[in-house]
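In what follows, a structure is listed as structure tokens, so that the remarks can point back to it.
All residue numbers refer to positions in the sequence shown, counting from 1. Values in this document were obtained by computation on a predicted structure and should not be read as measured data.
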Amino acid sequence: MSVRELVVLGTASQVPTRHRNHNGYLLRWDGEGILFDPGEGTQRQMLRAGAAAHDLNRICVTHFHGDHSLGLAGVIQRINLDRVPHEITAHYPRSGRRFFERLRYATAYRETVALTEVPVVTDGVLAVTPAYTLDARRLSHPVESYGYRLTEPDGRRMLPERLAAHGIKGPDVGRIQREGSLNGVPLDEVSEIRRGQRFAFVMDTRLCDGVHALAEGCDLLVIESTFLDEDEALATDHGHLTAGQAARAARDAGVRHLVLTHFSQRYSDPEEFERQARAAGYEGELTVAHDLLRVPVPKRR
């Protein structure tokens with residue numbers, strides 16, 4: 001059975017707290033697992049969440065600040081210790097290659113797994129698989145940072161009443177799907193486009209074109225909201241978003257489910273992030289993330 005869900009491993013910004021681990025987010029997409037921004041403690045959070053090294057196929061790092069990358073050393077060594085039988089691909093800003101290499105080889109261990117590095121050089125496509133296309137877009141932060149977007153190819157939804165009207169049933173349904181027409185009946189006559197699902201991951205950034213491009217039409221958007229709106233000047237100075245800014249970006253992009261995360265330790269009331277996001281006009285499904293939360297990707301429209 002296919003599973004599409006986000007497993008939240010950590011939600012703190014800059015420093016962990018008693019209740020929030022450093023960042024870490026695992027996207028389960030059918031049979032694949034994509035780990036985003038493994039901060040310090042990610043390996044232990046994976047254990048608590050019931051996720052194993054064998055579940056990983058890709059690692060995507062937005063930028064090389066410690067709360068988004070210091071867990072790489074432990075995760076990579078665990079991948080090798082467990083002798084994961086498949087190739088794993090790592091994406092990160094190419095300007096931070098020296099940091100990735102230092103973390104990859106932070107201590108001595110035996111390499112047993114093929115870890116392929118595909119650094120992000122500029123906006124564009126990083127990978128195309130039968131299940132999704134993975135893109136990256138530049139964000140606005142004091143160090144080079146990229147957000148990631150996963151897009152499922154569009155498919156076809158067969159329409160039973162139209163099939164019945166044309167007398168198409170049984171094996172002929174598969175034939176018209178494969179061949180595009182059957183006995184003069186085109187596929188378009190008995191089906192409609194089934195829009196592929198879209199997921200985006202947006203971490204440390206000010207508002208910029210990249211935020212809007214990544215969020216556009218997403219079914220599930222994971223986005224930082226480090227600050228509350230009253231601290232917008234501070235957010236801008238440090239290259240971050242407020243809850244209201246994140247929510248307005250999601251509203252304007254038509255996001256179906258918004259997940260706010262990456263919270264400053266200065267705030268003690270997580271419900272205020274939700275209140276400010278709603279006040280900004282976002283009316284879709286809204287989640288203020290906490291550690292070890294599971295968020296399903298919304299069902300197709």
Would [X] and [Y] pass as an ion pair if we require N to O under 4.0 Å?
X    : Y    : value
R149 : E216 : no
D252 : R248 : no
R275 : D269 : yes
R97  : E101 : no
E144 : R138 : yes
R104 : E111 : yes

Taking [X] for the side chain and [Y] for the main chain, is one N or O donor matched with an acceptor at less than 3.5 Å?
X    : Y    : value
R58  : T89  : no
R278 : Y282 : yes
S264 : T226 : no
S145 : L139 : no
R294 : A49  : yes
R266 : F263 : no
E5   : V297 : no
Q245 : T242 : yes
T112 : N80  : yes
T129 : A131 : yes

Listed pairs under 3.5 Å, donor-acceptor, residues 21-28 side chains, sequence neighbours left out:
from, atom 1, to, atom 2, distance (Å)
N21, ND2, E40, O, 3.0
H22, NE2, Q14, O, 2.9
N23, OD1, Y25, OH, 2.8
N23, ND2, A12, O, 3.1
N23, ND2, D67, O, 3.2
Y25, OH, G10, O, 3.1
Y25, OH, T261, OG1, 2.8

Measure the [atom1]-[atom2] distance between [X] and [Y] for me, rounded to the nearest 0.5 Å.
X    : Y    : atom1 : atom2 : answer
D37  : T42  : CG    : OG1   : 9.0 Å
I193 : D188 : CD1   : CG    : 7.0 Å
H240 : S225 : NE2   : OG    : 11.0 Å
L150 : L214 : CG    : CG    : 12.0 Å
L221 : L6   : CG    : CG    : 11.0 Å
K299 : R4   : NZ    : CZ    : 13.5 Å

Will you find, in the side chains of [X] and [Y], an N or O donor that is under 3.5 Å from an N or O acceptor?
X    : Y    : value
T116 : E87  : yes
H257 : D219 : no
R156 : S191 : yes
S13  : E224 : no
D204 : H68  : yes
T236 : R206 : no
Y132 : Q197 : no

Do [X] and [Y] come within less than 4.5 Å of each other through their side chains, counting heavy atoms only?
X    : Y    : value
V202 : V222 : no
H290 : V8   : no
F64  : P93  : yes
L159 : E189 : no
Y148 : L126 : yes
T122 : V120 : no
F273 : Y267 : yes
V125 : L134 : no

Answer yes or no: are there more than 12 heavy-atom neighbours, outside [X] itself, under 6.0 Å from its atom [atom1]?
X    : atom1 : result
R251 : CZ    : yes
R44  : CZ    : no
E283 : CD    : no
D209 : CG    : no
E179 : CD    : yes
R110 : CZ    : no

| request: Test ring-ring contact (aromatic ring centres under 6.0 Å, His included) on F36 and F201 and set out the steps. | output: CA-CA 8 Å; F36 294 92; F201 184 78; 4.6 Å; yes
How far apart are the closest heavy atoms of [X] and [Y], and which atoms are they?
X    : Y    : value
L70  : L103 : CD2-CD2, 4.2 Å
V75  : L56  : CG1-CD1, 3.9 Å
Q77  : T107 : NE2-OG1, 2.7 Å
A106 : A73  : CB-CB, 4.1 Å
A213 : R137 : CB-NH1, 3.2 Å
L286 : E274 : CD2-CG, 3.5 Å

[Y] reachable from [X] in the ILVMFWY side-chain graph, under 4.5 Å edges:
X    : Y    : result
V113 : M46  : yes
L72  : L35  : yes
L234 : I223 : yes
L115 : V118 : no
L9   : V61  : yes

TODO: Determine, stepwise, if the pair R194 / D154 fulfils salt bridge (Lys or Arg N to Asp or Glu O under 4.0 Å).
DONE: CA-CA 6 Å; R194 185 195 66 194; D154 290 340; over 6 Å; no
(request) Run the ring-centre check on H86 versus H54 and record whether the distance is less than 6.0 Å. (result)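 They do not qualify: ring centres at least 6.0 Å apart.
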Report yes if the distance between the aromatic ring centroids of F100 and Y92 is under 6.0 Å, otherwise no.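 Ring-ring flag for F100/Y92: true, centres closer than 6.0 Å.
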Mutual orientation of the aromatic rings belonging to H63 and H65 [parallel < 30°, tilted 30-60°, perpendicular > 60°]: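 Geometry flag for H65 against H63: perpendicular rings.
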